[in-house]
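Indexing begins at 1, ligand by ligand and atom by atom, following the structure's order.
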Amino acid sequence: MKKISLVVPMYNEEEMIPLFFEKMNEVLSQIKNYKFEYVLVNDGSRDDTLKMLKEQKKVQNNIKIVSFSRNFGHEAAVCAGFQNADGDAVIVMDADLQDPPEIISKMIEKYEEGYKVVNGKRVDRKKDSFLKRTTASMFYKVIKKLSGKIKVPENVGNYRLLDKEVVDHLNALPEKNRVFRVQVPYIGFKTCEVEFVRPERPKGETHYNYKSMFRLAMDSITSSSVAPLIWPMLFGLIGCGIFGMLFVVDLVLYIIQLVDITFIPRFNGLGFLILISIFLGVSIILVFMGIIGIYISKITTESQDRPVYIIDELID
Ligand code: UDP
Ligand code: MG
């Protein structure tokens, strides 16, 4: 009988644990022909998550607990889950039932049809705030433009099924800047989508605010593209063209004495505009320096070569 591992990252999810298992066990009991194993990653929770997982393991033995030494973050938890899962396929999902377990059977159907990656795709974002929807749609537009041959699918979060072959490739990726939603399309293989409507979180609170979403967006961009590093050069070339031309025209006019003053004094009345232009120019340079800074920070992280996570307890 084939085995499917369910990777679930958990950070301060004590309120969700009873609901999660109740729902999961109900849904999974209806799926025949497969064994299921939970790989639950406790990402340094400060509440009773770990204690409750240990309790749960007493009543059901298909649970593996990977508990971190501190909070390393969602991506690190997903990474640890995959590295400790040995099923023929692995499904990764959130602990808060926002990735509805009801579609697991559909994912398995697609897996049986031969798809090695089955993505869960959110079809209805009406419940998200206007700001979240607009920033998300902007993000997908940018990433689509930048990521070139890596096709990062729109409205696909972490909820997916991956065949063991894909999981092996995922685990072999050496990078420390791990962004699961970029790594999976990078690896490739036959992919399809199963659609779902994302319900609200029944208990507990989201761990993502706008700051952490911005960080995730930056991590995604730097992990899928180096194109932004070319932007300053393109911008600079355009600037060189425009200002170079002005310079030459100005010089020629001055030399042939058609005008006895250069452009600059003639702009006197526009002094304020010139001042603003200088500040604008400096701001643009700072933005570009920032972009380069973000890439340098990634190089620093990679060269430090620290482990993505540290395990305190591994309960099998
Ligand atoms: N999570 C985690 N480590 C963190 C933050 C979140 O393991 O530092 C887990 C969390 O317990 C949940 C999943 O990642 O299972 C998604 O988090 P959340 O529901 O807060 O995100 P949202 O659904 O709001 O995007
Ligand atoms: Mg959630």
Side-chain angles (χ1 to χ4, degrees), residues 5-24 38-53 56 63-85 90-104 119-129 131-133 135-137 139-140 154-160 176-182 196-217 219-220 307-314:
S5 305
L6 298 153
V7 165
V8 191
M10 294 190 176
Y11 178 53
N12 296 345
E13 297 286 6
E14 62 178 9
E15 284 181 295
M16 274 311 305
I17 290 171
L19 284 174
F20 176 77
F21 283 105
E22 191 187 318
K23 183 81 196 173
M24 287 299 284
Y38 292 92
V39 182
L40 308 170
V41 184
N42 170 41
D43 182 14
S45 301
R46 274 181 258 264
D47 64 1
D48 278 339
T49 298
L50 180 60
K51 194 173 145 209
M52 291 178 72
L53 293 181
Q56 189 68 29
I63 289 181
K64 194 188 261 186
I65 305 170
V66 181
S67 187
F68 287 175
S69 59
R70 63 168 171 87
N71 177 242
F72 278 87
H74 191 180
E75 293 289 344
V78 169
C79 172
F82 277 102
Q83 291 179 344
N84 287 281
V90 179
I91 294 177
V92 55
M93 63 197 301
D94 291 352
D96 56 8
L97 296 173
Q98 284 197 289
D99 294 336
E102 289 83 358
I103 67 163
I104 289 179
N119 293 333
K121 184 183 170 85
R122 300 183 210 175
V123 281
D124 178 18
R125 297 194 68 129
K126 277 190 213 122
K127 285 210 182 92
D128 287 342
S129 71
L131 190 60
K132 188 157 179 177
R133 261 182 292 151
T135 45
S137 111
F139 166 74
Y140 286 114
E154 200 164 331
N155 290 330
V156 174
N158 281 1
Y159 194 17
R160 301 160 199 242
K176 308 289 164 185
N177 179 30
R178 298 189 88 83
V179 185
F180 181 68
R181 62 186 75 191
V182 175
F196 71 92
V197 177
R198 191 169 165 89
E200 282 184 52
R201 193 184 239 281
K203 287 261 161 63
E205 275 169 24
T206 173
H207 304 91
Y208 279 89
N209 52 27
Y210 281 103
K211 195 171 146 205
S212 42
M213 295 213 297
F214 179 75
R215 200 175 306 134
L216 179 63
D219 289 350
S220 308
V308 176
Y309 55 85
I310 292 170
I311 296 176
D312 174 22
E313 271 184 90
L314 184 70

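For residue Thr206, no N/O/S atom approaches the Mg ion (ligand 2) to within less than 2.8 Å.
Ligand-side atoms of ligand 1 in range of Tyr208: 21 (O), 25 (O), range being under 4.0 angstrom from any heavy atom. Atoms of ligand 1 found under 4.0 Å from any heavy atom of Ala95, numbered from 1 in the order shown, are 15 (O). Taking a cut-off of under 4.0 Å to the non-hydrogen atoms of Thr206, the atoms of ligand 1 that pass are 20 (O), 21 (O), 22 (P), 24 (O). For ligand 1, the atoms closer than 4.0 angstrom to any heavy atom of Asp96 are 19 (O), 23 (O). For ligand 1 and Met10, the ligand atoms under 4.0 Å from any heavy atom of the residue are 7 (O), 11 (O).
With a 4.0 Å cut-off on non-hydrogen atoms, Asn71 touches ligand 1 through its side chain and not its backbone. With a heavy-atom cut-off of 4.0 Å, Glu13 touches ligand 1 through its side chain alone. Residue-level proximity to ligand 1 for Asp94 is carried by backbone and side chain together, each with a heavy atom below 4.0 angstrom.
For the side-chain contact (heavy atoms from CB on, under 4.5 Å) criterion with Leu6, the lone passing option out of Val90, Leu40, Ile63, Ile104 is Ile104.
Judged by distance alone, the side chain of Lys23 and the main-chain N or O of Pro101 form no donor-acceptor pair under 3.5 Å. In this structure a side-chain-to-backbone donor-acceptor pair under 3.5 Å is missing from Ser212 to Tyr208. Looking at Glu75, its side chain does come within 3.5 Å of a backbone N or O of Phe180 through a donor-acceptor pair. Arg122 places no side-chain N or O within 3.5 Å of a backbone atom of Asp124 that could act as its donor or acceptor partner. Here the side chain of Gln98 pairs a donor or acceptor atom with the backbone of Pro199 at under 3.5 angstrom. Looking only at distances, no side-chain donor or acceptor of Lys176 sits under 3.5 Å from a matching main-chain atom of Val308. Of the possible polar contacts, one joining the Asn12 side chain to the Arg46 backbone as a donor-acceptor pair under 3.5 Å is found. With hydrogens and angles ignored, the 3.5 Å screen pairs no side-chain donor or acceptor of Ser45 with any backbone N or O of Asp47.
At the shortest separation from atom 9 (C) of ligand 1 among protein heavy atoms lies Pro9 O, 3.8 Å. Residue, atom and distance of the protein heavy atom nearest to atom 4 (C) of ligand 1 are Asp43 OD2, 3.4 Å. Here the heavy atom of the protein found nearest to atom 1 (N) of ligand 1 is Tyr11 CB, 3.8 Å. The nearest heavy-atom contact from the protein to atom 6 (C) of ligand 1 is His207 ND1, 3.6 Å.
Ranked by closest heavy atom to atom 18 (P) of ligand 1, the top entry among Met16, Arg201, Glu75 is Arg201.
For Arg198, the heavy-atom gap to ligand 1 drops under 4.0 angstrom.
A cation-pi arrangement is present between Arg70 and Phe72 under the rule of less than 6.0 angstrom and at most 45 degrees off the ring axis.
Of all N, O or S atoms in Asp96, the one lying closest to the Mg ion (ligand 2) is OD2.
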